[in-house]
Amino acid sequence: MHRVFNFSSGPSALPLPVLEKAQKELCNYQQTGISVMEMSHRSSAYQEIMDETTSLLKELMEIPYNYQILFLPGGASLQFSMVPLNLLRKSKKADYIHTGSWSKKAIAEAKKYGEIRIAASSDEQQFREVPVLNKMVFDDEADYVHITVNNTIEGTCFHQIPHTGNVPLVADMSSNILSTYCDVSAFGIIYAGAQKNLGTAGVTIVLVREDLIGNAASDCPTMLDYQTHSKHRSLYNTPPSFSIYITKLVLEWLKEMGGVSAIESLNREKARLLYTFLDESKLFTSNVARNSRSLMNIPFTTDSDDLNQKFIEEAKAAGLVTLGGHRSVGGMRASIYNAMPLEGVQELVAFMSNFEMNNR
Ligand code: PMP
């Protein structure tokens, strides 16, 4: 079997033991004689998968008792609508922190439902850093504050979570969930598409503090109301059952790896290796401000588009794939989520170093 190191930003690399377990169980899941893909979502075997996934997530993220864990379809993008539809209930005002392409989409969607203020933005810095929020004053009348904690395309990240007082903080953690310790109680809602650190595309994990459920307007579509999914424990309709099963396998793998604290140390080591090389390199540069550097998505570039292209092609031939930057920014980007082993980053750095020597 020939596997390469896959630096894709999402859907992205899965741990090999997860793929192997899924393969082993594919045709006959735990002596049921059928695949999870063929299983009724109302069966006891499937309920067990849901329960185990929920309890593993609760354990690994230390989720407090007053949060519901929902498994929803529609990607993180659907949360751009569900959040305002469920939370814009009193003042119909919300504060958004604008840090790049994904926050832009979240803001555009929320504007359909209420008065949205850009409370802080790094637009003027071309999103090369995240705004400083420690002295930030949020509108205390706002129904919520929205933050994109890790900016997948720009390669920036908030390393400190702002205090928003009594105003619930809603966080898009699509590209950094479970990568470092997170105090869930600091948030009203946390959401993340599964296709980076949690499994495969199709399911979005939404953690909602219970007091934020049940406030949607009466004309809110049933499927977009958190209460529907909370009441039916994510089984109001057919859930993305196979994706949830893969999430279970990813969480089992993460627990075996030593949980969030162990993966955080590994993630910090991987990022340190790559940033140290970039800082010393005379060919490659990172445009992201040091205090805003993401541990998960690391964009870098040379000063020539032709050389970038050559790098991407030669890296691919060497078994280091999907290193092209997002189409909106160009250059290169290495996404090194939880499933990327240290050896993958070591090989990348060694390849970059050789490439630099040969292309000076
Ligand atoms: N937010 C962030 C931070 C993302 O990285 C992405 C996807 N790359 C999205 C939202 C959108 O996710 P989805 O494609 O699951 O709707």
Side-chain angles (χ1 to χ4, degrees), residues 6-14 70-85 94 96-112 116 121-123 127-131 144-159 161 169-180 182 187 189-207 223-224 229 234 239-240 242-244 246-247 250 267 288 292-299 322-329 333-340:
N6 176 14
F7 294 89
S8 169
S9 60
S12 40
L14 282 163
L70 308 178
F71 302 95
L72 304 183
S77 300
L78 189 62
Q79 295 311 305
F80 298 166
S81 316
M82 282 181 78
V83 166
L85 277 166
Y96 273 66
I97 300 160
H98 185 24
T99 47
S101 306
W102 291 112
S103 69
K104 185 178 175 190
K105 288 192 170 162
I107 290 163
E109 206 54 33
K111 278 187 172 167
K112 296 178 182 171
I116 304 304
S121 168
S122 49
D123 195 358
F127 303 120
R128 287 186 178 145
E129 58 189 53
V130 293
Y144 64 94
V145 177
H146 183 282
I147 186 170
T148 311
V149 178
N150 187 78
N151 297 280
T152 324
I153 295 172
E154 296 76 10
T156 62
C157 181
F158 284 95
H159 294 289
I161 298 302
L169 181 59
V170 175
D172 178 352
M173 291 199 195
S174 292
S175 47
N176 69 306
I177 194 162
L178 283 165
S179 62
T180 54
C182 161
F187 300 88
I189 292 182
I190 293 173
Y191 63 89
Q195 64 270 28
K196 302 166 201 301
N197 266 343
L198 281 165
T200 187
V203 64
T204 303
I205 307 301
V206 187
L207 314 180
M223 279 293 288
L224 302 186
H229 302 287
S234 305
F242 194 75
S243 302
I244 294 170
I246 296 291
T247 294
V250 169
N267 286 334
V288 175
S292 300
R293 286 173 164 180
S294 166
L295 298 181
M296 297 281 99
N297 310 99
I298 305 186
T322 341
L323 278 163
H326 189 269
R327 58 189 183 280
S328 64
V329 289
R333 172 178 49 171
S335 293
I336 51 173
Y337 299 117
N338 287 357
M340 174 60 65

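Computed from a predicted model, the values in this text were never measured in an experiment. Atoms within a ligand are numbered from 1 in the order they appear, just like the ligands themselves.
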Practice task
Evaluate side chain to side chain contact (heavy atoms under 4.5 Å, CB included) for Leu78 paired with Leu224, printing each intermediate quantity in order.
Solution key: CA-CA 9 Å; Leu78 189 62; Leu224 302 186; 3.9 Å; yes
Exercise for the section: Using the test ring pair (Phe, Tyr, Trp, His ring centres under 6.0 Å), find all partners of Tyr96 that sit at least two apart in sequence or belong to another chain. Expected result: Tyr144, His146
Handout entry: Residue list, ring pair (Phe, Tyr, Trp, His ring centres under 6.0 Å) with His326, at least two apart or on another chain
Key =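 Testing His326 for ring pair (Phe, Tyr, Trp, His ring centres under 6.0 Å), a comparison that skips the adjacent residues, returns none.
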Handout entry: Polar side chain donor-acceptor pair, Asn6 to Thr322, under 3.5 angstrom
Key = yes
Problem - Side-chain H-bond candidate by donor/acceptor type, Ser294 with Asn150, under 3.5 Å - result: yes
Report every pair formed by an N or O atom of ligand 1 and a protein N or O atom separated by less than 3.5 Å, giving atom names and the distance to 0.1 Å.
from	atom 1	to	atom 2	distance (Å)
ligand 1	1 (N)	Asp172	OD2	2.6
ligand 1	5 (O)	Trp102	NE1	3.4
ligand 1	5 (O)	Thr152	OG1	2.5
ligand 1	8 (N)	Lys196	NZ	2.9
ligand 1	15 (O)	Ala76	N	3.1
ligand 1	15 (O)	Gln195	NE2	3.0
ligand 1	16 (O)	Ala76	N	3.2
ligand 1	16 (O)	Ser77	N	2.9
ligand 1	16 (O)	Ser77	OG	2.6

Handout entry: Lys105: partners by side chain to side chain contact (heavy atoms under 4.5 Å, CB included), with sequence neighbours left out
Key = Phe80, Trp102
